[in-house]
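So that the names make sense, note that chain A is the first sequence line, chain B the second, and so on, each numbered from 1.
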2 protein chains.
Amino acid sequence: MRLSKRGEYGLRAMIMLATSGPGGHPAVIQIREISEREKIPAKFLEQILLTLKNAGLLHSKMGVGGGYHLAKPASEISLGHIIRILDGPLAPVKCVSQMAYEPCGCPDEETCGLRLAMGDVRNSLAKILDGTSLEDVTRRVSKVRKSLKSG
Amino acid sequence: MRLSKRGEYGLRAMIMLATSGPGGHPAVIQIREISEREKIPAKFLEQILLTLKNAGLLHSKMGVGGGYHLAKPASEISLGHIIRILDGPLAPVKCVSQMAYEPCGCPDEETCGLRLAMGDVRNSLAKILDGTSLEDVTRRVSKVRKSLKSG
DNA sequence: TTAAAAGTCTATTAGTACTATAGACTTTAT
DNA sequence: ATAAAGTCTATAGTACTAATAGACTTTTAA
């Protein structure tokens with residue numbers, strides 16, 4: 001049930017872009033800076049951000065002073081969306097996938113025990129990941145920071 | 001977030017063993033029969049069942065009339081346990097794993113947004129998978145069967 | 001007592017997906 | 001014109017997954 005490095009790096013980068021924006025303005029950050037701050041191989045990160053851009057989650061600007069920024073408000077980008085783009089379907093087995101259904105080959109899908117159980121897992125994953133936006137993440141982080149300061 | 005074939009096959013076999021038992025008695029079934037009924041490559045299944053046996057979830061008997069059966073009541077074997085044995089930790093990233101923790105390398109773990117979000121995911125997975133026993137699965141299957149009959 | 005049925009164990013291969021790197025190209029600001 | 005930045009495609013390396021192979025041990029029963 002592991003997240004790939006691609007997925008992990010992509011999420012880290014998106015969270016960083018969401019967190020760095022001063023007062024709602026989307027931050028513009030260069031690949032190199034994200035790569036250095038998050039210790040992600042630059043060339044690999046480049047591919048990941050490009051994928052996210054082509055999927056419509058990021059905008060970019062070339063040339064001097066360019067970089068990446070979120071294409072939408074952080075509140076409108078969910079973790080589930082990012083993960084699906086980079087790692088594919090959330091479903092543990094294809095026969096319960098919403099975005100990439102395929103029959104699993106059991107004699108009767110409707111009464112397949114594995115399918116019933118994995119359906120629950122998929123739904124729970126989707127609920128959490130589609131229900132958590134980048135804004136939710138940054139809010140939670142700053143909350144934890146504050147509670148650590150005062151503690 | 002995909003389940004490996006190893007994990008899938010192992011779960012299918014365990015569910016079959018739990019389902020086939022007549023009135024609480026654990027069913028004794030041969031590799032070959034499981035392999036045929038579930039369409040799992042026999043030699044691969046062999047390895048999987050051996051792993052599950054060495055982990056204490058199955059018992060086996062060699063020779064004529066032998067085969068595999070559950071080592072414990074179906075109510076005491078959780079899907080989470082089976083998956084951990086065959087596929088490793090449930091956690092999407094190692095820094096939130098209970099059974100195989102490793103630092104993820106972020107500057108501050110306590111305030112890492114990714115870690116906070118993935119912690120939720122891990123907990124939810126663990127809640128479902130550790131909270132669902134083979135008995136729960138068989139009960140649910142027979143419930144669905146009945147409702148399909150009467151429908 | 002021996003043949004057949006069944007599991008055990010270890011090694012090896014084939015395939016695939018993940019991770020990362022390379023390098024040539026385009027756009028933009030100054 | 002030049003330097004800073006993103007774009008795009010190809011490819012290499014590696015690790016893991018899935019599957020196969022084969023020789024061995026235990027047990028039952030004819």
Participant: Is there a residue in residues 48-62 of chain A whose heavy atoms reach under 4.0 Å of DNA chain D, and which residues are they?
Facilitator: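 Heavy-atom contacts with DNA chain D come from A:Leu50, A:Lys53, A:Ser60, A:Lys61, A:Met62.
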
Participant: Would you compute the distance between atom CD of B:Glu38 and atom CD1 of B:Ile15 and round it to the nearest 0.5 angstrom?
Facilitator: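 Between atom CD of B:Glu38 and atom CD1 of B:Ile15 there are 8.5 Å.
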
Participant: Between A:Arg2 and A:Gly65, which has a closest nucleotide on DNA chain C that is more 5'?
Facilitator: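 Looking at DNA chain C, the more 5' nearest nucleotide goes with A:Arg2.
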
Participant: Apply salt bridge (charged side-chain N to carboxylate O under 4.0 Å, His left out) to A:Lys127 and B:Asp120, showing your working.
Facilitator: CA-CA 11 Å; A:Lys127 194 172 167 192; B:Asp120 286 354; over 6 Å; no

Participant: Counting any heavy atom closer than 4.0 Å, what does A:Arg32 reach on the DNA or RNA strands: base, sugar-phosphate only, or nothing?
Facilitator: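 Nothing: the residue A:Arg32, judged by heavy atoms under 4.0 Å, touches no strand.
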
Participant: Between B:Lys43 and B:Tyr9, who's closer to the 5' end of DNA chain D by nearest nucleotide?
Facilitator: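 This one resolves to B:Tyr9.
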
Participant: Within this structure, what is the CG-to-P distance between A:Leu45 and C:dT21, rounded to whole angstrom?
Facilitator: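 Between P of C:dT21 and CG of A:Leu45: 12 Å.
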
Participant: Of the nucleotides C:dA20, C:dT19, C:dT28, which one has an atom closest to the side chain of A:Pro41?
Facilitator: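 Of C:dA20, C:dT19, C:dT28, C:dA20 is nearest to the side chain of A:Pro41.
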
Participant: Verify the cluster assignment for A:Met16 and A:Val28: are they in a single hydrophobic cluster under the rule of side-chain heavy atoms below 4.5 Å apart?
Facilitator: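 Result: no, two separate clusters.
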
Participant: Distance alone, cut at 3.5 Å: any donor-acceptor contact between the side chains of A:Thr19 and A:Thr138?
Facilitator: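 No - no donor-acceptor pair under 3.5 Å links their side chains.
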
Participant: Would B:Arg2 and B:Asp87 count as a salt bridge (charged side-chain N to carboxylate O under 4.0 Å, His left out) if you check the C-alpha gap in whole Å, the side-chain angles of each, and the deciding distance to 0.1 Å?
Facilitator: CA-CA 10 Å; B:Arg2 194 168 110 271; B:Asp87 277 6; over 6 Å; no

Participant: Return the OG1 to CZ distance between A:Thr132 and A:Arg140, rounded to the nearest 0.5 Å.
Facilitator: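 Interatomic distance, A:Thr132 OG1 to A:Arg140 CZ, rounded to 0.5 Å: 8.0 Å.
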
Participant: So B:Lys5, base contact, sugar-phosphate only, or nothing? Heavy-atom distance under 4.0 Å.
Facilitator: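 It contacts sugar-phosphate atoms only.
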
Participant: Want to settle it: does B:Ile31 or B:Gln47 sit nearer the 5' end of DNA chain C, counting the closest nucleotide to each?
Facilitator: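 On the 5' side of the pair lies B:Ile31.
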
Participant: If I take atom NZ from residue B:Lys94 and atom SG from residue B:Cys104, how far apart are they, to the nearest 0.5 angstrom?
Facilitator: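 Here the interatomic distance stands at 11.5 Å.
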
Participant: Give the rounded distance in Å between these two atoms: CZ of A:Phe44 and P of C:dA22.
Facilitator: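 In whole Å, C:dA22 P and A:Phe44 CZ are 15 Å from each other.
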
Participant: B:Glu36 CD to C:dA6 C1': how many Å, rounded?
Facilitator: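 It is 14 Å, rounded to the nearest whole Å.
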
Participant: Using a heavy-atom cut-off of 4.0 Å to chain B, what are the terminal contacting nucleotides of DNA chain D, in 5' to 3' order?
Facilitator: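 Span of nucleotides near chain B: D:dA18 to D:dT28.
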
Participant: Which residue lies toward the 5' end of DNA chain D, B:Ala42 or B:Asp87, if each is placed at its nearest nucleotide?
Facilitator: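 Upstream on the strand: B:Asp87.
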
Participant: With sequence neighbours left out, write down each residue that passes salt bridge (charged side-chain N to carboxylate O under 4.0 Å, His left out) with B:Glu109, or none if nothing qualifies.
Facilitator: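 Checked B:Glu109 against salt bridge (charged side-chain N to carboxylate O under 4.0 Å, His left out); matches are B:Arg115.
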
Participant: Going by atom types alone, do B:Asn54 and B:Thr51 pair a side-chain donor with an acceptor below 3.5 Å?
Facilitator: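 No - no donor-acceptor pair under 3.5 Å links their side chains.
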
Participant: To the nearest Å, how far apart are B:Glu33 CD and C:dA6 P?
Facilitator: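 Rounded to whole Å, this separation is 10 Å.
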
